[in-house]
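Notes follow the structure.
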Number of protein chains: 2
Amino acid sequence: MPDATDPAPMNMPSRRRFRREGEERRRQDLIEATLDSVAEHGLQGATLRTIALRAGVTAGLIRHYFPGKEELLQEAYAALMGRMTEQAKAALVMEDASPRQRLAAFVTANLNAPIIDARVFSLWATFIGRARADPTLAHAHREGYLGFRNEVEAVVAEVLAAERRNPDASQLRHHAIAINAIIDGLWIEGCLAGEMFSTGELAAIGIKTVEAELGLAPDGEENQ
Amino acid sequence: MPDATDPAPMNMPSRRRFRREGEERRRQDLIEATLDSVAEHGLQGATLRTIALRAGVTAGLIRHYFPGKEELLQEAYAALMGRMTEQAKAALVMEDASPRQRLAAFVTANLNAPIIDARVFSLWATFIGRARADPTLAHAHREGYLGFRNEVEAVVAEVLAAERRNPDASQLRHHAIAINAIIDGLWIEGCLAGEMFSTGELAAIGIKTVEAELGLAPDGEENQ
DNA sequence: GAGCTTGTTGTGCAAGTGTATAAATAGCCT
DNA sequence: AGGCTATTTATACACTTGCACAACAAGCTC
């Protein structure tokens, strides 16, 4: 009579099968699995075993690619920020568009998917919450923030130049700070309560508010 | 024969001395210690033992006041949000002030200490990062956010009424969303990079941006 | 195909986690 | 002062965590 307690065939000692992936591919997968784990369970829930399970490997492998958990998390955060700013800046390099149109496109890009996304926001908040205690994170954020704000300031300068206005450096800086705040604030609202806004509504509000901040006359297509 | 393995003096059985504090006091202390721990070490570093140490008690006591760690964290978050919104709203109840002045005071209150504070921001980010996975946190945030936005919308209505403008509900809502975003965005900038702004600078930018959003004529004290 | 490199697995371990519970004592009531 | 009770301490426990390491096998080179 066969062994009823053992559901598996007799070849017990067989190890788990595996494939050798390229180094870059594995690192990428592990980073992605890390971001998924953090987004879903927070930093405390993102254990090496959880991450490994999600990446389809066993926990021990992580140590083969990263010195420790700390470094894995840092690389994951860097990857996240890189992706976000990259997508955001992409809207700025449009050819054949007036500065004002480029600014509007920038705002629109930042206030729609995939930038407006609950998962991304959750990750951002989780990591940024540790920035105060972790100088590495703080520095990474500072760089990203200043880069972003400088982009904004550059477009603003072009927009105002096209309007034949001549703001001084201080005014320019204030505009950049304010516009950055508008985008960030609406981004948060959209990520946290996305279903309260219809499609494109946040972008429309954003453009209107930014143009009001810059003192631009309302566009021809809408009045009041 | 005496126990030679015991390095301590003979009066061993002495326990740690303690005082019995009132229930409300102890709960308050534990919540504060929890917020401190979370702000300093993140959610993962906020262990029961760390919290207890900071509160000057032993870990076991926490279970006497809270069913579990989860509930302690939830109460801590509620306390944090309560304190923040309370301080913010306080600026709105000024007597003998025009709506426009009250709005300006509201913006100013939200863009200075103690609302602008790296520790508070760190806590906010840490908790809000878990909102997606924790319905309790999500609900608490939603309530706070809507309450805040409604306050803004009410003042905006008064301000515009005083200016003899007659916005419809949709315009009012958009103004509230935008102003909320401006405040939130500047709040983040101030918390994360406070030393980049001079005192009162953020509040000044905030007021100017908000008034531009509402289409208010610049105040008499400043031009351009 | 044989052999070698190294990516990958599996197991083990010490430290730390939240929770449970028994033992002690501070401080009120009489 | 003496006792009672609830607050507080202290210890135990089962479990998880990050990390270390030895065994293994995938897939290249010859």
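Here is how names work: the chains are called A, B, and so on, in the same order as the sequence lines, proteins then strands, and each is numbered from 1.
Computed from coordinates, the L43(A) CG to dG18(D) P distance equals 11 Å when rounded to whole Å. Remark: P of dG18(C) and CG of L53(B) are 14 Å apart, rounded to the nearest angstrom. Atom-to-atom, CD of Q44(B) to C1' of dA15(C) comes out at 16 Å; the value is rounded to the nearest Å. If you measure from atom CZ of R63(A) to atom P of dT17(D), you get 17 Å, rounded to the nearest angstrom. Between the CD1 atom of I51(B) and the C1' atom of dT19(C) there is a distance of 14 Å, rounded to whole Å. Going from atom CZ of F66(A) over to atom C1' of dC19(D) covers 16 Å, rounded to whole Å. In this entry the distance linking CZ of R25(B) with P of dG27(C) reads 13 Å, nearest Å. Look at CG on L30(B): it is 12 Å from C1' on dT8(D), rounded to the nearest Å.
With T34(B) contributing its side chain and L30(B) its backbone, the two residues share a donor-acceptor pair below 3.5 Å. In terms of modelled atom types and a separation under 3.5 Å, the side chain of S122(B) and the main chain of G129(A) share a donor-acceptor contact. Using modelled atom types, one side-chain atom of N110(B) and one backbone atom of F106(B) make a donor-acceptor pair closer than 3.5 Å. Remark: the backbone N or O of A59(B) is not paired with any side-chain donor or acceptor of R49(B) at under 3.5 angstrom. Looking only at distances, no side-chain donor or acceptor of N180(B) sits under 3.5 Å from a matching main-chain atom of A176(B).
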How does protein reach along nucleotides 5-10 of chain C, written 5' to 3' as B (base within reach of a heavy atom under 4.0 Å), S (only sugar-phosphate), or - (no contact)? -BBBBB
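Geometric assessment of R130(A) against the ring of Y77(A) yields a negative cation-pi assignment under the 6.0 Å and 45° thresholds.
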Yes or no on side chain to side chain donor-acceptor pair (under 3.5 Å) for T47(B) and T50(B), after CA distance, side-chain angles and deciding distance? CA-CA 5 Å; T47(B) 76; T50(B) 301; 3.0 Å; yes
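With a 4.5 Å cut-off on side-chain heavy atoms, L186(B) and E189(B) count as touching.
Within residues 67-77 of chain A, the residues having any heavy atom under 4.0 Å from DNA chain D are, by residue number, G68(A), K69(A).
Under the 30°/60° scheme for interplanar angles, the aromatic rings of Y145(B) and H141(B) are found to lie parallel.
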